[in-house]
There are 2 protein chains.
Amino acid sequence: MGVKERKERDRAEMREMILTSAHRLFVDRGFEEVSIRNIAEAIEYSPATIYLYFKDKNEIFFALHTEAFKVFNEFLGPILQIADPFQRLVAMGEKYLSFALMHPQRYEIMFIIESPMDCDENSENWAEGRRTLGFLEGLLMECQAKGRFKGHNPQSLAFMIWSQMHGMCSLELRNRTRCYPEDSRLQIRNEAFESFKRILAQL
Amino acid sequence: MGVKERKERDRAEMREMILTSAHRLFVDRGFEEVSIRNIAEAIEYSPATIYLYFKDKNEIFFALHTEAFKVFNEFLGPILQIADPFQRLVAMGEKYLSFALMHPQRYEIMFIIESPMDCDENSENWAEGRRTLGFLEGLLMECQAKGRFKGHNPQSLAFMIWSQMHGMCSLELRNRTRCYPEDSRLQIRNEAFESFKRILAQL
DNA sequence: TTTTTTACTAAACACTGTTTAGTACTTTTG
DNA sequence: CAAAAGTACTAAACAGTGTTTAGTAAAAAA
């Protein structure tokens, strides 16, 4: 291994170390609550060092964003075993909901936090996200091949279903379900999801 | 008017002045981008003065939150003229969507921004929000009286519909629709909304 | 006229993201 | 080997944040 390669590896290791710490802190405090100084302290370097490996906090955001999508896609993995596409779709919805509730900080970084401007459809930062969305669209086309969702555009339908799931998750995570008494929140959300499933089943 | 009353009025006027400035700044910068110092500067008082009229930034948040809901409820006003409850529901959805896109900062404060903890179902801060939700639930019960939505709990269905609308709006406002090419975003969202309407109509 | 209350603020505290200038240390070169 | 160049890192500063404390000047009450 040449000098240049070793330096590249060292650099990658340092980036990895920063991300590992950032992620650990983030998972139990939330993105906005973690400062560059916190991360620096955790890895026992000065705050300025972070800036030698990441352009700014946004670059760390995108690195964690990609990581979160990878975890989500892995979490989704088992549903590939389900033969019937509609059952697979339902399972995907259930997985989506439980992922959001089990990993609220990851979910936040994936779908809630205001993301910087340079993130249009050509950006590498959204590759994992597009992959997941593509998976959903493919699933809907499989359903259509079996006679479901007639006359609906699969891309629009995918966005509709995504919106439905995201709406339930983000209202919960951002405390907008507090207008319901605490002991009925879970029930209302489950019933809403049941209603949505029944509606899609009839379609 | 006694001394005490005049003082109360002066106090209310000062609060009003702070809120007016805060709102103006907020509408063209977004909540997180407006600081207490900015508001103080706008009203030509010191930052510390703000704290004589509001406990903290959250109290300003809640005041604007209530105001935003009032504007929303007024915006919804005209749909009361629509006789058929289902048509009224559809119109409400359309109004919701256009309100979110026309007043993104207001929408943010109503539904997206992380809200402080002391906001459970007993809190006064959510009175306007609950009123709006109650209106939707009433609407669904009217629809049921006309034979629609059989076998669905109106409260859960209200949450489902709210989630659907909120999902579409918040994905848009938080730039998560950027994975679609720019010139098809509007079309996809409209088609998703059309699909949702058709689904509810068939129910 | 003295005392008390009111309305306000300067300055500080403990943070934030980020940049600049500089320091040790290692590597390369003459 | 010594000088020059490059690397890895940081102290300190900049400009900002929400919030609190201590204090001042003016008005009202005693």
Side-chain angles (χ1 to χ4, degrees), chain A residues 1-19 21-23 25-26 28-65 108-109 113-118, chain B residues 1-19 21-23 25-26 28-65 108-109 113-118:
Chain A
M1 183 168 12
V3 175
K4 210 170 170 183
E5 285 79 6
R6 203 186 63 236
K7 284 191 182 164
E8 289 243 324
R9 193 210 52 192
D10 286 357
R11 192 177 164 76
E13 268 175 20
M14 191 69 166
R15 275 179 70 100
E16 204 46 50
M17 188 166 143
I18 292 167
L19 286 179
S21 279
H23 176 258
L25 285 170
F26 170 69
D28 60 59
R29 293 196 212 169
F31 187 74
E32 307 287 3
E33 260 49 65
V34 177
S35 70
I36 298 287
R37 279 174 180 81
N38 296 156
I39 301 167
E41 200 178 2
I43 62 169
E44 295 181 294
Y45 280 81
S46 88
T49 301
I50 309 282
Y51 288 89
L52 299 175
Y53 297 91
F54 291 92
K55 197 181 132 282
D56 53 24
K57 210 185 174 187
N58 283 330
E59 205 173 299
I60 298 176
F61 164 86
F62 278 120
L64 293 176
H65 181 268
E108 235 177 59
I109 227 174
I113 289 176
E114 174 104 71
S115 73
M117 289 299 99
D118 71 333
Chain B
M1 182 168 13
V3 176
K4 210 171 172 184
E5 284 81 3
R6 205 186 61 237
K7 284 191 183 165
E8 290 243 322
R9 193 209 52 189
D10 287 356
R11 191 176 166 77
E13 269 174 21
M14 189 71 166
R15 275 179 69 101
E16 204 46 49
M17 187 165 142
I18 291 167
L19 286 180
S21 279
H23 176 258
L25 286 170
F26 170 70
D28 59 59
R29 293 198 214 169
F31 186 73
E32 307 287 3
E33 258 50 65
V34 177
S35 70
I36 299 288
R37 281 173 179 81
N38 297 155
I39 301 168
E41 200 178 0
I43 61 168
E44 295 181 295
Y45 280 80
S46 89
T49 302
I50 309 281
Y51 288 89
L52 299 174
Y53 297 92
F54 292 92
K55 199 179 130 281
D56 53 23
K57 210 186 173 187
N58 282 332
E59 205 173 297
I60 298 176
F61 164 87
F62 278 120
L64 294 176
H65 182 268
E108 234 175 62
I109 228 175
I113 288 175
E114 173 103 72
S115 72
M117 288 298 99
D118 70 333

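Residue numbering restarts at 1 for every chain, and letters A, B, ... go by the order of the sequence lines.
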> Toward the 5' end of DNA chain C, which comes first, A:Lys55 or A:Asn38, by nearest nucleotide?
Replying inline: A:Asn38

> Which residues pass the salt bridge (Lys or Arg N to Asp or Glu O under 4.0 Å) test with A:Arg29, sequence neighbours left out?
Replying inline: none

>> Assess the residue pair A:Ile113 and A:His65 against the criterion (side chain to side chain contact (heavy atoms under 4.5 Å, CB included)); give the C-alpha distance rounded to whole Å, side-chain angles, the decisive distance to 0.1 Å, and a yes or no.
In response: CA-CA 10 Å; A:Ile113 289 176; A:His65 181 268; over 6 Å; no

> Does anything in residues 42-57 of chain B pair up under salt bridge (Lys or Arg N to Asp or Glu O under 4.0 Å), and if so which pairs, sequence neighbours excluded?
Replying inline: none

> Separation of A:Arg11 atom CZ from D:dC9 atom P, in whole Å?
Replying inline: 10 Å

>> Test side chain to side chain contact (heavy atoms under 4.5 Å, CB included) on B:Ile36 and B:Tyr51; report intermediate values, then the result.
In response: CA-CA 9 Å; B:Ile36 299 288; B:Tyr51 288 89; 3.6 Å; yes

> A:Ala42 and A:Ser21: which non-hydrogen atoms are nearest, and at how many Å?
Replying inline: CB-OG, 4.0 Å

>> Just to verify, what does A:Phe31 make a ring pair (Phe, Tyr, Trp, His ring centres under 6.0 Å) with, not counting sequence neighbours?
In response: A:Phe26, A:Phe61

>> Rounded to whole Å, how long is the line connecting atom CD of B:Glu59 with atom P of D:dT19?
In response: 11 Å

Is there any protein nitrogen or oxygen under 3.5 Å from a nitrogen or oxygen in nucleotides 7-10 of chain C, and what are the pairs?
| residue | atom | partner | partner atom | Å |
| --- | --- | --- | --- | --- |
| C:dC8 | OP1 | B:Tyr45 | OH | 3.4 |
| C:dC8 | OP2 | B:Tyr53 | OH | 2.6 |
| C:dT9 | OP2 | B:Ser46 | N | 2.9 |
| C:dT9 | OP2 | B:Thr49 | OG1 | 2.4 |

> How long is the line joining CZ of B:Phe61 and P of D:dG18, in whole Å?
Replying inline: 15 Å

> Could you give the angle between the helix axes at the two ends of the helix from C:dT1-D:dA30 to C:dG30-D:dC1, with five pairs per end, rounded to 10 degrees?
Replying inline: 30°

> Looking at residues 28-37 of chain B, who's got a heavy atom less than 4.0 Å off DNA chain C?
Replying inline: B:Arg37

> Rounding to a whole Å, what distance do you find between A:Tyr51:OH and D:dA13:P?
Replying inline: 18 Å

> Between B:Ile18 and B:Tyr45, is a side chain to side chain contact (heavy atoms under 4.5 Å, CB included) present by the stated rule, with each step listed?
Replying inline: CA-CA 10 Å; B:Ile18 291 167; B:Tyr45 280 80; over 6 Å; no

> How close or far is atom C1' of C:dT19 from atom CG of A:Asp56, stated in whole angstroms?
Replying inline: 13 Å

>> Using the rule side chain to side chain contact (heavy atoms under 4.5 Å, CB included), only one of B:Met17, B:Glu59, B:Met14, B:Glu16 pairs with B:Tyr53; which is it?
In response: B:Met14

>> Distance check needed: D:dG18 P versus B:Glu41 CD, whole Å only.
In response: 13 Å

>> One pair to check against side chain to side chain contact (heavy atoms under 4.5 Å, CB included): B:Ile43 and B:Thr49. What are the steps and the verdict?
In response: CA-CA 10 Å; B:Ile43 61 168; B:Thr49 302; 5.7 Å; no

